[in-house]
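Only one structure is covered here, and it is reproduced in the block below.
Position 1 is the first residue of the sequence; numbering continues from there.
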Amino acid sequence: MLGVITARFLNLEYYAIAGQGAFRNDHRIKASDTQSLSHAIVSIGDYAVGDNASVKNRNRLTLTTALAAQVERVRMFGSAALDLAWVAEGRTDACVLLSNKPWDMSAGVVIAREGGAHVTDSDGQNRDVRSAHTVAGAPGVSAALLDLVGAALTDSDR
């Protein structure tokens, strides 16, 4: 598997090949060494718009509230691909994405995993194209983040 993300406006190109590491502009990258959620910067996906947005956004608001109480900072960048690449690079410590379109996630998932991040669904299972959500985190915060996400989302949210 190969993943490539280009953000020309930021002069950034991320890429990874499964088993060969992750890179930004030809420099190897790796997930952060952060060990505590209280020191973690966590990005979240965009809020929903359109049909059923108010229902979908209740989940996002609940998650945002839970994160704000536990982490150092919550950020929303507006690009699932960059959210995942920035976890791979250690720019952020984790991301939680409650929408899951393959065209938004696939390249970033490969890059995040090759950067050393744990990438799962919100239930802790290995993330794949059938996953409802994507949770990526540096190894030191991944388990605690999954616990927080699990507590914030009800069974009907999964």
Under a 4.5 Å side-chain heavy-atom rule over Ile, Leu, Val, Met, Phe, Trp and Tyr, are V4 and I17 clustered together?
yes

Closest non-hydrogen contact found for L84 with A136 is CD2-CB, 3.6 Å

Calculate, to the nearest 0.5 Å, the distance between atoms CG and CG belonging to D46 and L98 respectively.
11.0 Å

So, does D121 use its side chain to make a donor-acceptor pair with the main chain of T134 at under 3.5 Å?
no

Measure from the side-chain N and O atoms of T62 to the backbone N and O of R58, and report whether any donor-acceptor pair falls under 3.5 Å.
yes

Quick check: closest heavy atoms across R24 and R91, and the distance to 0.1 Å?
CD-NH2, 4.3 Å

Hydrophobic cluster identity match, F77 and L12, side-chain contacts under 4.5 Å:
yes

Taking the side chain as every heavy atom from C-beta outward, state whether Q70 and V42 have any pair of such atoms under 4.5 Å apart.
no

Does L145 form a side chain to side chain contact (heavy atoms under 4.5 Å, CB included) with L37? I'd like the steps, not just the answer.
CA-CA 7 Å; L145 179 63; L37 279 182; 4.2 Å; yes

Drop me the distance from R73's CZ to H39's NE2, to the nearest 0.5 angstrom.
12.0 Å

Verify same cluster id: I111, V109 (apolar side-chain graph, 4.5 Å)
no

Side chains of N25 and Y15: is there a donor and an acceptor less than 3.5 Å apart?
no

Give a yes or no on whether D51 atom CG has more than 12 heavy-atom contacts from other residues, nucleotides or ligands under 6.0 Å away.
no

What heavy-atom pair brings G116 and P139 nearest, and what distance separates the two atoms?
O-CG, 3.3 Å

Contact summary for M105 and R127, nearest pair of heavy atoms
CB-NH2, 3.2 Å

Got a donor-acceptor contact below 3.5 angstrom from the S131 side chain to the D128 backbone?
yes

Derivation of the side chain to side chain contact (heavy atoms under 4.5 Å, CB included) call for Y14 and I29
CA-CA 9 Å; Y14 296 92; I29 58 175; 3.9 Å; yes

As an exercise, state the distance from CZ of R113 to CE of M1, rounded to the nearest 0.5 Å.
6.5 Å

Does the Q35 side chain pair with the main chain of D33, one donor and one acceptor, at a distance under 3.5 Å?
yes

Donor-acceptor under 3.5 Å (S36 side chain, S38 main chain)
yes

Check whether E114 reaches the backbone of G19 with its side chain - one donor and one acceptor, N or O, closer than 3.5 Å.
yes

Between E89 (side chain only) and A31 (backbone N and O only), is there a donor and an acceptor less than 3.5 Å apart?
no

Residue of the set D93, T92, I41 for which side-chain contact (heavy atoms from CB on, under 4.5 Å) holds with W86
T92

Atom of L97, atom of A80 and distance for their closest heavy-atom approach:
CD1-CB, 4.0 Å

Should V149 and V119 be regarded as members of a common hydrophobic cluster, given that ILVMFWY residues are connected when their side-chain heavy atoms come within less than 4.5 Å of each other, either directly or indirectly?
no

If two hydrophobic side chains count as joined below 4.5 Å and joins carry through other members, does V110 share a cluster with L2?
no

Look up atom OG in S79 and atom CG in D104, then write down how far apart they are to the nearest 0.5 Å.
8.0 Å

State the CG-CZ distance between L67 and R75, to the nearest 0.5 angstrom.
12.5 Å

Heavy-atom closest pair, residues G115 and A22:
N-CB, 3.7 Å

I need the S43 OG to M76 CE distance, nearest 0.5 Å.
9.5 Å

